[in-house]
Number of protein chains: 2
Amino acid sequence: MKSTTKTNSSVKKINVESCEQPCLIERGMRVLGGKWKASILWHLKDGPVRFNELSRMLGGASKKMVDQRLKELEAQGLVTREVISDRPIAVAYDITDFGRTALDILERLKEWTEDNNI
Amino acid sequence: MKSTTKTNSSVKKINVESCEQPCLIERGMRVLGGKWKASILWHLKDGPVRFNELSRMLGGASKKMVDQRLKELEAQGLVTREVISDRPIAVAYDITDFGRTALDILERLKEWTEDNNI
DNA sequence: TATAGTGGTTACTAAAAGTATACTAGTTGC
DNA sequence: GCAACTAGTATACTTTTAGTAACCACTATA
């Protein structure tokens, strides 16, 4: 890896390779970092949850917010939406296998937050 | 606060305990999840970087953005600001030991993003 | 003297995020 | 019938965030 230091006197300080990494971090954050998105995912880890129950779990996030985030997560393939009853409409949201691959990151984030009293 | 759990047969479905977890995730995200924050931290992992260099590394994030995020990160103890030269003003930002504890999460996020072509 | 670099600040605008309320349409229970 | 529940949608609104551009004081170079 080329360092930003001492190749010669006129070395540019910008290391282009280093610019590749942040994009990955930023892109990942766009998927997991929105408000409530990580929390929603986290709440689904123990099995499907219904819409209103999920809203309550999130401590009063508005329906609009929960709805928007769920749609984003669904579009990105992290959660699924299933109508479990038609007449008295009932819908269950579940985490996909792909969604589960992100739980490891969230687990670490949770531990980090916990350990550092954030 | 009255609990919603099992006082009798008409137990509500809401599990109050489960509501503790998302807060940890949400709180952690408030620290690492802002736009550019994780990227800034990531860029400092190989050593101190100067203000303008950092701006360029972030691919054109405005000075105002970089400045704001750096101030937040500094206030939260994740990075330090050091004036390394006075006359031709020069400032270096560095990651703290505490900041480094978050790199593990970012590393996983980066891998996850990479592996899933996000 | 002019230009470009350092590390910012300030003022402003545009866009996104979030809140609040009311509404649909159906079901269940009193 | 009336209220309360289900899962949303629609509308209007406020707040927050993001981003642009200009500017400051200073230095260094041509």
Side-chain angles (χ1 to χ4, degrees), chain A residues 4 9-14 22-23 25-27 29-40 43-44 48-75 79-94, chain B residues 4 9-14 22-23 26-27 29-40 43-44 48-76 79-94:
Chain A
T4 54
S9 56
S10 68
V11 63
K12 285 292 263 185
K13 296 214 187 80
I14 306 168
C23 304
I25 302 268
E26 264 330 282
R27 288 209 301 271
M29 275 295 180
R30 293 298 147 263
V31 177
L32 300 177
K35 195 164 185 182
W36 304 119
K37 286 179 90 176
S39 295
I40 288 173
H43 270 115
L44 298 180
V49 180
R50 294 176 59 178
F51 183 84
N52 280 341
E53 196 179 345
L54 196 53
S55 291
R56 285 189 294 262
M57 281 173 162
L58 295 173
S62 70
K63 288 178 161 200
K64 186 188 162 193
M65 276 300 100
V66 180
D67 190 53
Q68 280 181 0
R69 297 305 143 230
L70 279 170
K71 275 179 178 153
E72 282 178 30
L73 289 167
E74 199 192 350
V79 311
T80 52
R81 177 185 183 274
E82 192 195 353
V83 177
I84 54 175
S85 168
D86 206 33
R87 259 12 147 281
I89 180 94
V91 178
Y93 290 90
D94 202 357
Chain B
T4 55
S9 58
S10 67
V11 59
K12 291 288 264 186
K13 295 212 189 79
I14 306 167
C23 303
E26 266 328 283
R27 288 209 302 271
M29 275 296 181
R30 293 299 147 266
V31 176
L32 300 178
K35 196 165 183 181
W36 304 120
K37 287 179 89 175
S39 295
I40 288 174
H43 269 116
L44 297 180
V49 181
R50 294 176 58 178
F51 182 83
N52 281 340
E53 194 179 345
L54 196 54
S55 292
R56 285 187 295 261
M57 281 172 163
L58 295 173
S62 70
K63 288 177 162 201
K64 184 191 160 193
M65 276 300 100
V66 180
D67 189 53
Q68 281 182 358
R69 298 305 142 230
L70 279 170
K71 276 180 179 156
E72 282 178 30
L73 289 167
E74 199 192 350
Q76 291 163 328
V79 311
T80 53
R81 178 186 183 273
E82 193 194 355
V83 176
I84 54 175
S85 167
D86 206 35
R87 259 9 149 281
I89 180 94
V91 179
Y93 289 90
D94 202 358

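Letters go in sequence order (proteins before strands), and every chain restarts at 1. Only heavy atoms go into these numbers, but all of them, side chains included; no hydrogens, no water, no symmetry mates.
Note that CD1 of A/Ile89 and CZ of A/Arg50 are 9.5 Å apart. Values are rounded to the nearest 0.5 Å. One finds the OG atom of A/Ser39 at 11.5 Å from the CG atom of A/Leu32 (value rounded to the nearest 0.5 Å). From B/Asp67, atom CG reaches atom CZ of B/Phe51 across 5.0 Å, with rounding to the nearest 0.5 Å. The CD1 atom of B/Ile40 sits 8.5 Å away from the CD atom of A/Glu26 when rounded to the nearest 0.5 Å. A distance of 9.5 Å separates NE2 in B/His43 from CD1 in A/Ile25, rounded to the nearest 0.5 Å. Taken from CH2 in B/Trp36 to CG in B/Leu54, the straight-line distance is 10.5 Å, to the nearest 0.5 Å.
Residue B/Arg50 places none of its side-chain N or O atoms closer than 4.0 Å to OP1 or OP2 of C/dT6. For B/Arg69 and D/dT17, the shortest distance from a side-chain N or O to OP1 or OP2 is not below 4.0 Å.
Residue B/Met29 contributes atom CE, which lies 16 Å from atom C1' of C/dA17 at whole-angstrom precision. Counting to the nearest Å, the C1' atom of C/dG26 and the CZ atom of A/Phe51 are 17 Å from each other. Here D/dA7 presents its P atom at 14 Å from CG of A/Leu58, a figure rounded to the nearest Å. As a whole-Å value, the separation of B/Leu54 CG from C/dG8 C1' is 14 Å. Nucleotide C/dA17 holds its C1' atom 12 Å from the CH2 atom of A/Trp36, rounded to whole Å. Nucleotide D/dT17 holds its C1' atom 8 Å from the CD atom of B/Gln68, rounded to whole Å. Between the CG atom of A/Asp86 and the P atom of C/dA25 there is a distance of 16 Å, given to the nearest Å. B/Leu70 places its CG atom 11 Å from the P atom of C/dG7, with the value rounded to the nearest Å.
The side-chain contact (heavy atoms from CB on, under 4.5 Å) check on A/Arg81 picks up A/Glu74, A/Val83, A/Val91, A/Tyr93, with sequence neighbours excluded. For B/Gln68, the side-chain contact (heavy atoms from CB on, under 4.5 Å) partners two or more places apart in sequence, or in a different chain, are B/Lys64, B/Met65.
The side chain of A/Asp67 has D/dT9 as its nearest neighbour among C/dT19, D/dT9, D/dT6. Distances from the side chain of B/Met65 to the nucleotides D/dA18, C/dG7, D/dA7 place D/dA18 closest.
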Practice task
Encode nucleotides 10-15 of chain C as B, S and - characters from 5' to 3', where the letter depends on protein heavy atoms closer than 4.0 Å: B to the base, S only to sugar-phosphate, - to neither.
Solution key: -BB---
Practice task
Could you please spell out the steps behind the side-chain contact (heavy atoms from CB on, under 4.5 Å) verdict for B/Arg56 and B/Asn52?
Solution key: CA-CA 6 Å; B/Arg56 285 187 295 261; B/Asn52 281 340; 4.1 Å; yes
Problem - Residue pair A/Glu72, A/Arg69: steps toward the salt bridge (Lys or Arg N to Asp or Glu O under 4.0 Å) verdict - result: CA-CA 5 Å; A/Glu72 282 178 30; A/Arg69 297 305 143 230; 2.3 Å; yes
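Comparing A/Glu72 and B/Asn52 by the nucleotide of DNA chain C whose heavy atom lies nearest to each, the residue mapping closer to the 5' end is B/Asn52.
Overall, the helix from C/dT1-D/dA30 to C/dC30-D/dG1 carries an axis bend of 10° between its ends, with five pairs at each end and the value rounded to 10°.
Closest approach of A/Asp94 and A/Leu44 over heavy atoms only: C-CD1, 4.1 Å. The minimum heavy-atom distance between A/Ala92 and A/Ile84, with the atom names listed, is CB-CG2, 4.0 Å.
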For nucleotides 26-30 of chain D, list the nitrogen or oxygen atoms of the protein found under 3.5 Å from its nitrogen or oxygen atoms, one pair per line.
none

Close N/O contacts between protein and nucleotides 14-16 of chain D (under 3.5 Å):
none

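Under a 3.5 Å cut-off, the side chain of B/Lys37 and the backbone N or O of B/Leu73 do not form any donor-acceptor pair.
Between the base of C/dG7 and the side chain of B/Lys63 there is a donor-acceptor pair shorter than 3.5 Å.
Side-chain contact between B/Met29 and A/Met29: present, with at least one pair of heavy atoms (C-beta onward) separated by less than 4.5 Å.
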